2 protein chains.
Amino acid sequence: MSDKHMSRSAEMYLKAMAEMGPRQAATVSRLAERLSVTQVSANEMVRRLDEQGLVTHKPYKGISLTLKGRQAAGNVLRRQRLWECFLYDHLHIEWAHVYEFACLLEHATAPEVTEALAEFLGNPTTCPRGNPIPATDGTFSPVDGIPLSSAAVGVRARLLAVTATDTEVLKYLQDRHLLPGREVILRESAPMQGPLTLEVEGREFALGMNMAEMILIQPLASH
Amino acid sequence: MSDKHMSRSAEMYLKAMAEMGPRQAATVSRLAERLSVTQVSANEMVRRLDEQGLVTHKPYKGISLTLKGRQAAGNVLRRQRLWECFLYDHLHIEWAHVYEFACLLEHATAPEVTEALAEFLGNPTTCPRGNPIPATDGTFSPVDGIPLSSAAVGVRARLLAVTATDTEVLKYLQDRHLLPGREVILRESAPMQGPLTLEVEGREFALGMNMAEMILIQPLASH
DNA sequence: GATAATTTTATGGCTTGCCTTATTATCATA
DNA sequence: TATGATAATAAGGCAAGCCATAAAATTATC
């Protein structure tokens, strides 16, 4: 109705908000950190998005997507994740790099291309990181899992999705086979937000809490 | 050696120069027209590209790509045309729209993705418009054909390539089945740069000289 | 309730890439 | 060689997005 194009930057801000999900409230500082810009820059952009009716910023309270903003963000996520599927399944790009390359492509994708791509891929419902691919109208339901960081010691679980987006982080997870579909056992949780000790495919290793928050699991019934 | 990234704009300028080919000398005004910017803007960008050692601008003489510029342009063309192949062959995007959509994607394509895409496509050598796909190092040999505009009346020829890039023009050609591989007969050429009369697949129609210059053919031996 | 920490704004500045208007330089041609 | 067309440049401006620095507003904490 109003804006034909949205700038790359604006799309990135919207996407970041959608990716953070309703779990953690969006704030200017959080956005700034995630997008690697200063708080001032983030604030400026949030103001612009607010003026465009894409987000609502209540100073000192938080930022939330409007319906219009949610749809726009869903569309970006759709493009992003469809490209992730293509890059991973058909071009055999390394798992850890898929997000970053898809991120470049997402802003350069015409609607016709998005839909033709979805068709080509067989209308997948999740990306290689396990996250849902929004429908054409931008809607999607969040992954039905809990963060690994909030799981109980001893639990055996299926890894559902990785919400991390940083290539270095993804590489770290990839190296430890912490990929969607794998089975994970939480062996130990150190006190004071300390690292978790995990077992994946017979190997044990430690994982920091921050990363554990970016991993969604579904606990499995103990044998 | 010098520049990691090249801006979208800079890539467009380089590509435009490469696409115009050695046939028509590149000038600021021609670039400006092709890119739909003012001559002043084109001049500014040419100056910047010159400073970066990508082109050589001899005022009042013309602009030419340096070795570095030719490689960069070849790389852009490679990405562009590989995407054209993908969009046409796999996503079944309408021929006339392929260029425009590929043009968006080309600037957002990491080298790893380019090469994986080439592999996926089976390392094609021409794009759907019939133009050569440069090698990894950016080199390519121009199409071995003559412009339809310079063909003799009565000639029967194979359409080799379309160098037009404007979607409207491409749509016009598509509607008349003036596509690579088709057989064309030049029935008549009106005087004073007037329109050509062509026959394609049994249908006759007129084609302006400007468009005829953007079509490369290979004359066939008369029966 | 005072103080510290966090958030938000206000200023001013930078770069890219575009614009308009106006002037100067060169070329081509009568 | 003068002249009109074409090409190049100069000058000043604009918008998007980023930056740093600094002041104000709010929240949280003691």
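Order of the sequence lines fixes the chain letters, A, B, ..., with proteins taken first and strands second; residue numbering starts at 1 for each chain. What you are looking at is a predicted structure, and each value in this text was computed from that prediction instead of being measured.
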Residue list, side-chain hydrogen bond (donor to acceptor under 3.5 Å, both in side chains) with [X], at least two apart or on another chain:
X        : value
Ser64(A) : none
Ser29(A) : Thr27(A)
Gln39(B) : none
Arg47(B) : Glu51(B)

Inset, instruction - Quick one: list whatever passes ring pair (Phe, Tyr, Trp, His ring centres under 6.0 Å) with Tyr99(B), sequence neighbours left out. - result: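 Partners of Tyr99(B) under the ring pair (Phe, Tyr, Trp, His ring centres under 6.0 Å) test: none.
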Legend entry - Centroid separation Phe86(A) to Phe120(B) less than 6.0 Å: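 Close enough - the centres of the two rings lie under 6.0 Å apart.
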Inset, instruction - Using five pairs at either end of the helix from dG1(C)-dC30(D) to dA30(C)-dT1(D), determine the angle between the two local helix axes and round it to 10 degrees. - result: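 Comparing the first five pairs with the last five, the axes sit 0° apart.
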Legend entry - salt bridge (charged side-chain N to carboxylate O under 4.0 Å, His left out) partners of residues 132-148 of chain A, not counting sequence neighbours, each pair once: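 Pairs touching residues 132-148 of chain A that pass the test: none.
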Legend entry - Nucleotides bounding contact with chain B, strand DNA chain C, heavy-atom threshold 4.0 Å: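 The contacted stretch runs from dT16(C) to dC27(C).
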Show the distances under 3.5 angstrom between N or O atoms of the protein and N or O atoms of nucleotides 4-11 of chain D.
unit_1	atom_1	unit_2	atom_2	d
dA7(D)	OP2	Ser29(B)	OG	3.4
dA8(D)	OP1	His57(B)	NE2	3.0
dA8(D)	OP1	Tyr60(B)	N	3.1
dT9(D)	OP2	Asn43(B)	OD1	2.8

Inset, instruction - Scan for side-chain hydrogen bond (donor to acceptor under 3.5 Å, both in side chains) pairs involving residues 110-121 of chain A, sequence neighbours excluded, and state none if there are none. - result: Arg78(A)-Glu115(A)
Legend entry - Contact list for residues 85-96 of chain B, test side-chain hydrogen bond (donor to acceptor under 3.5 Å, both in side chains), sequence neighbours left out: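 Passing the test, one end in residues 85-96 of chain B: Glu94(B)-Lys171(B), Glu94(B)-Gln174(B).
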Legend entry - Arg129(A): partners by salt bridge (Lys or Arg N to Asp or Glu O under 4.0 Å), with sequence neighbours left out: Glu84(A)
Inset, instruction - Rounded off to whole Å, could you give me the CG-to-P distance for the Leu35(A) and dG17(D) pair? - result: 13 Å
Legend entry - OP1 or OP2 of dC19(D) under 4.0 Å from side-chain N/O of Thr38(A): yes
